[in-house]
Every structure is written in C-alpha cells, then in structure tokens.
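Proteins come first, then strands; the chains are lettered A, B, ... in the order of their sequence lines, and each starts at number 1.
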Amino acid sequence: MRTSQMFIPTLREDPGEAEIISHRLMLRAGMIRKLAAGMYTYLPLGLRVLRKIENIIREELNKAGAQELLMPILAPAELWKETDRWNQYGKELFRCQDRHERDFCLGPTHEEVITDLFRREVRSYRQLPVILYQIQTKFRDEIRPRFGLMRGREFIMKDAYSFDKNEADALVSYQKMYDAYDRIFKKTGLQFRAVEADTGLIGGTSSHEFMVLANTGEELIVYDPEESYAANVERAEVSPPKELSKEPLKPLEKVKTPGAKTVEQVCALLHTSPHSLVKTLLYKTEGQEVIAVLIRGDHQANEIKIKRSLGLHELTLAEPDMVQALTAAPVGFSGPIGLQKVKILADHAVHALHNFIVGGNEADTHFINVNCERDFQIDLVADLRQAQEGDASPMSGGPLQTARGIEVGHVFMLGEKYSKKMEATYLDSNGQEHWAVMGCYGIGVGRAAAAAIEQNHDEKGIMWPIPIAPFHVHLLPVTPSVEVGTVVESLYTELDKLGIEVLLDDRDERAGVKFNDADLIGAPFQVVVGDKGLAKNTIDIKARRTGEVVKLPPSEVTKWIIDKLADRKE
RNA sequence: CGGGGCGUAGCGCAGACCGGUAGCGCACCGCGUUCGGGACGCGGGGGUCGGAGGUUCAAAUCCUCUCGCCCCGACCA
C-alpha cells in the first residue's frame, strides 16, 4: 500500500482523552477514532491488525475442529427470559424494541442464541460433539467505558461454544479449546500466561483466563516460578498455615486506642505489626443478614471466596451507621468479642494466631492478647483472603510471585446451566434424553490488539510483533531524487510480489516526518532509501524493536527481509 | 449512581473573574525555496464559542436548564 492512497490520519500531539498507552498510540497512529463513549471506528490500519488477530484465531480454531458461523447482533428477549438473564444481566444488557414494541437486546454474549440453535437442530448423540464459533461485534453497556479498545461498550469478540454428551467429553472439548488458545496466543507473538480463574457461583468445573502480561494490566495474578501453576488472585487458593502459633496464651486485656481506626494507626500506637492484628469486616448479605469476617491485618479479604463459602450471591460492606448499631462503636473499632446475632467467619491465618489484637466494639478501644475459642466463638474457618506475593504455592510450596495481566481470553466449562434452562437435549444410543454439556470460550479481539501495544511500545510508538503487525515493512524514500524514486519503486514491487506487506511512504514529506510516523505506526522493519546511502550503494534497514540498523546493497534487501520474517514468524 | 473536571477551527489550547471587532500553535490550501529524525518565506481558507432559554443597548464571557465527554469511586462473564 501507498501512504498516499491509504487513510492513516496520524496525530502529532497526544489527544487529551486518552489515558493509557495503547489508547493514545492507537489514536495517534491513526488506527481508531472514537464515535461515542466506548465506541470506536476502526480505521484501515487498525482493521488490518484486527484481521490479523482474527485470522490467527480462525486458523487455530478450525484446526481444532471448531466451525465458524455468524449470529445476529440483536436477539429477541424471549430467549433471554428463558434463562432469566433478561433480569439478571442488569443494565449492562442493552435493550431496545422494534416497531411492534417487541423487546430485543444487543448480544453481550451468545449462549442463549447458540443454545436455541442447538436445541432446534441437534437430536442425536451421533451429531456430537459440536464446537461452533463466531467473530462478532458485541455490546455491553458498561457503566464506565474506558481505556479505548480495552474496555469499550461495543467490541469485537470471538466467542465459541461446545456441546457434548457428558462431562467427560465436555472436558475433552474444553482441553481442545484450551490448547488452541495456547497456540493462538503463541502465534500472536505476545507474552501471556494461562491462569486458573474464578468460576463464580455458577460453579462449573474449570475456568482459565489467558492473560497478556503487561505492567498496566488490570488483573493481578500469582504464579509459581518453579511450576506451571498460575492463578488470578481472585481465585488462587491459599492453603492453611502448616502450624498453629505455639505462643502461650496471655490474659485478655482491653486497651485505649484513641483515634486509631486503621490497621496502621493501631499498629503505630501499640508498637506492633499488622501481622498480629485482626480486622473485623462486617458485611451485609442478600438476606440483609450481617456477617463478620476476620482477616489478619496484613491480608486482604477476598469477597468472592467469602460468598462462595456461604453460598451467597450478594455481599456488600455494611454502612457506617449499620456498624454503629451492631457494635456500639464507629467504624474502625469492630471486633468479634461480644458481637451478638452475627455469624463469625475467620480466615485460616486468623485461626492459627495467638494473642492478637481486635477492635473493642467501643469507641477508641481495642482488645489485646485475644484468642479464638477462649474469647469468642468462630462459626466457620475457611480460606477467605486474597493470595499475595510470598504465599506458599500449592504446587511446590515455594513462595508465589505476582504479575499484572490483561485478560484477553477466557475458557469456561458451563455444564448444563443453559441446556437445562432451555431444554437443549439429545438422545443417546439407548434413546434416552440428556441435556447437552456446554463450554464457552471467548477472546477479545480489540482488547488483544490493545494488550499487544501495552506490551510492545516505547516512547516513540508501537513495536508490533511480526504476526500481527499491520505491515511488515515500512518503505521510506527519504530524499526526493529520481534515483531514490526508481530504487524505491522496484523494491516496492519486488517485496509486494513476494507477499510481503509493504507500506510505501510516498508522501511529499521531510525525512523526519516519515521517520516519526514510521516509529509511531510500528512496522517491524523500516527500509530507508536516500541519496546518502545510494551514493555508497547501500540501503538502511532498521529493526523497529531493537533500533539496530543494517546497511545493505539494494540487491540484498529483499532476501534479508524474507529471512528475518521467516525467523520470527513461528 | 456519587464526587471532580472539561466542551471555543481538524488536533492541542488561550480568551471568561472584569460583558464591547474570536485568538495562538500545529494541521489544511496556493506559490517559491528546501530535503537522512516533526523545514522556511509570502499569501490564504476555515468558528451558529456543545445546545436551549434568560439578563443586558451588547453574552464565548453573567444566570437557569439541558446534552456530550474525561477522571476517581461503586459495578464488572
């Protein structure tokens, strides 16, 4: 392609609206433009990247036996009412009506539609397994869209669905998709990690997220540097401490702690560390019941685990006046001793502790030398806290490390959740009817592109990994002479014939402008042709990522590039 | 939904307190010079100042309402 014929509106200055690097660079490089909050037009350059990612996905999914189809964006409310997600999905589900005032929604995901298709068309176990996927625009009316393509309202997603006879077969499909995802992300050239993820209350047996590693990632993961184990902190299980404290129990004591509401303040006042302090978190559940959760001062509560341990759907921290009513003390002085009518949950680490500190349920007061059982009763001891760096790995027992990631893929065992609600059944070889066992598998295409930029950029612009780069080579005639023109034209034709994607900057611009745009757009190789070089019979090739420049005679340029591209393609 | 902020040329911004001819840089168009890391000279085009209403002789500027956008929080398969 020639720059003069391609719509690539690059921006010299940073647009004010862009917060994160990928968003800024995508706008600046002329890949996307915003239409409305969380909705973007994909310009030619941006679309090329999306197509590259999509094609890698297609290739690997097809190889894995999945089949592509395409479902409507708009879905009738009836289907969503069958699964009750019309109610459950909340405001994120974008609803609308047609001229007959029939309810529809924009699909944020397509379980209902695909399950409907399945139940209409599939009768027999002979037709199973089936794995179907689409690459389609999705819509979720996010409360607060942000970060460009990272969290838009409208976005392109690959979603796949598997249908199997039973749990065992479903796991085979799940594994197939997991393996395909592994190959897909390897092929994109991104650094990523598959991590165990939370399955939510829906249960299900397995769920993994595919995280592109980037410091700017929204998700926190823990991993075992020795083993393959990695998990989202939301999900990572924390094993109970191996031994309980052996410290002899000391007598309970009430102390004054004026104004000390936070863990830090109490520690400073009592000259101790958060390790020996226990915070009491009061939560409200869906039944308006209140529970107390005891977590060690240096740990974070994990609300997902708390919900799961009690089978709850909703959990919110109690408001200050509620805390006051229950504990007779302001927030910051709650404790388990003397708490009435409140179920008390404790994390393993608390249970293992002796002589710790808790709030006194009285303003400006704490108890010290507190001990479980002796001073108060616990209703449930469980794993209730967030994993953190240094915790013991469930695999090697060694210390876990943490990293930040961007969730670009998610594989999920659904089980019979949808097939049951929607009566998606098949007949087995004995003529018995069974519910199909399902799995679903998503990849955020736009998000993957954004994640690629978060992971591969410098202060000048994007540094695309070869497999998803919009162009392989950016050809830059850098002086306006006839000789340069001739060399550039023949190089362009030659590379193009060989299937190498070349962007020729044929604009009447100065060298500096072309260099800067090339660095911004981020093609892996810049081929620089100028009078200075030609005088010595050389052309410069700059590798965008390393900045290395090689000087080659014009006749050797093509071969050099072919070799380099072949090197890094797989 | 709560808190904060912003809407003035395609982009980035000034002007607003203190009402009186709408500005700057970049981009864009023409001519010329220049040409290996965001050139220069000369000449030019482009604005219902987000929208509606009000106050006033006069509103980008003051008041009211409204819409949109950004940031923080709550929320998030």
Side-chain angles (χ1 to χ4, degrees), chain A residues 9-20 23-24 27-28 30 33-39 83 85 88-93 107-112 138-148 150-153 155 157 159 161 197-204 207-209 218-219 232 234-235 303-304 314-317 319 407 409-414 417-418 439-444 447 459-461 476-481 484-485 505 507-520 526-536 538-540 542 547 549 551:
Chain A
T10 56
L11 262 29
R12 185 178 290 208
E13 289 170 89
D14 273 338
E17 69 187 47
E19 175 79 348
I20 59 167
H23 188 194
R24 221 161 49 213
L27 288 167
R28 281 235 285 144
R33 284 294 182 266
K34 186 173 70 182
L35 177 65
M39 297 160 64
T83 59
R85 283 165 105 194
Q88 287 172 12
Y89 219 93
K91 289 194 172 162
E92 214 157 285
L93 187 65
T109 170
H110 278 68
E111 282 83 6
E112 281 79 1
K138 300 289 161 68
F139 199 97
R140 287 178 199 177
D141 202 356
E142 291 275 350
I143 297 170
R144 188 151 90 80
R146 56 185 132 175
F147 305 148
M150 203 66 95
R151 184 178 284 263
R153 292 197 291 172
F155 56 98
M157 182 169 162
D159 50 324
Y161 306 88
D198 185 61
T199 49
L201 262 184
I202 303 151
S207 175
H208 289 85
E209 290 165 340
E218 284 189 277
E219 305 284 338
N232 194 315
E234 288 178 353
R235 150 80 191 199
E303 295 184 6
I304 293 172
E314 270 177 47
L315 193 70
T316 42
L317 273 173
E319 292 94 29
E407 182 194 345
H410 200 157
V411 293
F412 209 100
M413 270 298 291
L414 289 174
K417 182 182 179 209
Y418 293 91
C440 72
Y441 317 90
I443 293 179
R447 187 182 273 191
E459 62 291 343
K460 305 226 72 172
L476 308 171
V478 96
T479 42
S481 71
V484 167
D505 193 342
R507 295 175 301 173
D508 180 20
E509 286 288 355
R510 322 201 97 222
V513 175
K514 295 187 179 183
F515 283 132
N516 281 305
D517 273 353
D519 287 345
L520 180 61
Q526 294 170 15
V527 174
V528 182
V529 186
D531 287 325
K532 227 158 76 181
L534 287 187
K536 288 180 267 180
T538 61
I539 284 173
D540 293 358
K542 186 177 107 174
V549 177
K551 292 177 186 297

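- Taking only side-chain atoms of A:Lys34, from C-beta outward, the nucleotide of B:A77, B:G36, B:C69 with the closest atom is B:C69.
- Comparing B:U34 with B:G41, their P atoms are spaced 15 Å from each other, to the whole Å.
- Rounded to the nearest 0.5 Å, atoms CG (A:Leu11) and CG (A:Asp517) are 10.0 Å apart.
- Distance noted for atom P between B:A59 and B:G50: 15 Å (whole Å).
- Both A:Gly38 and A:Ile143 sit near RNA chain B, but only A:Gly38 has its closest nucleotide nearer the 5' end.
- Rounded to the nearest 0.5 Å, atoms CZ (A:Arg151) and NE2 (A:His23) are 14.0 Å apart.
- The base of B:G12 is not paired with the side chain of A:Asp14 by any donor and acceptor separated by under 3.5 Å.
- Nucleic acid contact class of A:Lys460 (heavy atoms, under 4.0 Å, all strands): base.
- Distance check on atom C1': B:G38 versus B:G12 gives 15 Å, rounded to whole Å.
- Nucleotide B:A16 forms a pair with no other nucleotide shown, judged by Watson-Crick or G-U wobble geometry with both contacts under 3.5 Å.
- Taking atom C1' in both B:A39 and B:C26, the straight-line distance is 14 Å, to the nearest Å.
- For B:A52 and B:C72, the C1' atoms lie 31 Å apart once the distance is rounded to whole Å.
- Remark: the A:Arg151 side chain and the B:C76 base include a donor-acceptor N/O pair separated by less than 3.5 Å.
- Note that the CD atom of A:Glu209 and the CD atom of A:Glu219 stand 5.5 Å from one another [nearest 0.5 Å].
- Residue A:Gly442 is out of contact with every strand shown, counting any heavy-atom pair closer than 4.0 Å.
- You'll find the side chain of A:Glu407 stays beyond 4.5 Å of the side chain of A:Asn232, heavy atoms only.
- Each of B:C71, B:A77, B:G38 was ranked by its minimum atom distance to the side chain of A:Arg28; first place goes to B:G38.
- Within the 4.5 Å cutoff, no side-chain heavy atoms of A:Val549 are placed close to those of A:Gln526.
- Applying the 3.5 Å distance criterion, the base of B:A27 shares no donor-acceptor pair with the side chain of A:Arg12.
- Taking only side-chain atoms of A:Arg146, from C-beta outward, the nucleotide of B:C69, B:C71, B:G38 with the closest atom is B:C71.
- Distances from the side chain of A:Pro15 to the nucleotides B:G12, B:A77, B:C71 place B:G12 closest.
- An OP1 or OP2 oxygen of B:C35 is reached within less than 4.0 angstrom by no side-chain nitrogen or oxygen of A:Lys514.
- Contact of A:Glu509 with B:G37 (side chain to base): no donor-acceptor pair of N or O atoms is detected under 3.5 Å.
- Ion pairing of A:Glu111 with A:Lys417 is absent here, as no side-chain N (NZ or NE/NH1/NH2) approaches a carboxylate O to less than 4.0 Å.
- Distance A:Asp508 CG to B:C29 P: 11 Å, rounded to the nearest Å.
- Searching all strands for a Watson-Crick or G-U wobble partner of B:G2 with both distances below 3.5 Å returns B:C72.
- Comparing the C1' positions of B:A60 and B:C18 gives an interatomic distance of 15 Å, to the nearest angstrom.
- Computed from coordinates, the A:Arg507 CZ to B:G36 C1' distance equals 15 Å when rounded to whole Å.
- Below the 3.5 angstrom threshold, one finds no donor paired with an acceptor across the side chain of A:Asp531 and the base of B:G36.
- As rounded to the nearest Å, B:G4 and B:U61 have P atoms that lie 23 Å from one another.
- For A:Asn516, taking side-chain heavy atoms from C-beta onward, the closest of the listed nucleotides B:C35, B:A74, B:G37 is B:G37.
- Look at CG on A:Leu414: it is 10 Å from C1' on B:A77, rounded to the nearest Å.
- Whole-Å rounding puts the A:Ile20 CD1 to B:C70 C1' distance at 14 Å.
- Considering only the side chain of A:Arg510, B:C35 comes nearest among B:C35, B:G36, B:C70.
- Picking from B:A77, B:G12, B:C35 the nucleotide with the shortest atom distance to the side chain of A:Phe412 gives B:A77.
- In this structure the side chain of A:Tyr89 never reaches within 4.5 angstrom of the side chain of A:Thr83, judged on heavy atoms.
- Nucleotide B:C40 is matched to B:G32 when pairs are restricted to Watson-Crick or G-U wobble geometry with both distances under 3.5 angstrom.
- As rounded to the nearest Å, B:C71 and B:U55 have C1' atoms that lie 34 Å from one another.
- In this structure, the CZ atom of A:Arg144 is 6 Å from the C1' atom of B:C71, given to the nearest Å.
- As rounded to whole Å, 15 Å separates atom P of B:A77 from atom CZ of A:Arg235.
- Rounded to whole Å, the distance from CZ on A:Arg33 to P on B:C69 is 18 Å.
- Proximity of A:Arg28 to A:Asp14: side-chain heavy atoms (C-beta onward) are separated by under 4.5 Å at one or more points.
- Nearest-nucleotide positions on RNA chain B for A:Ala36 and A:Arg140 put A:Ala36 closer to the 5' end.
- When both distances must be under 3.5 Å, the Watson-Crick or G-U wobble mate of B:U48 does not exist.
- Residue A:Lys542 places no side-chain atom within donor-acceptor reach of the base of B:G36, judged by atom type and a 3.5 Å distance cut-off alone.
- Base pairing analysis places B:U21 opposite nothing; no Watson-Crick or G-U wobble pair with both distances below 3.5 Å involves it.
- Rounded to whole Å, atom C1' of B:C76 lies 10 Å from atom CZ of A:Arg447.
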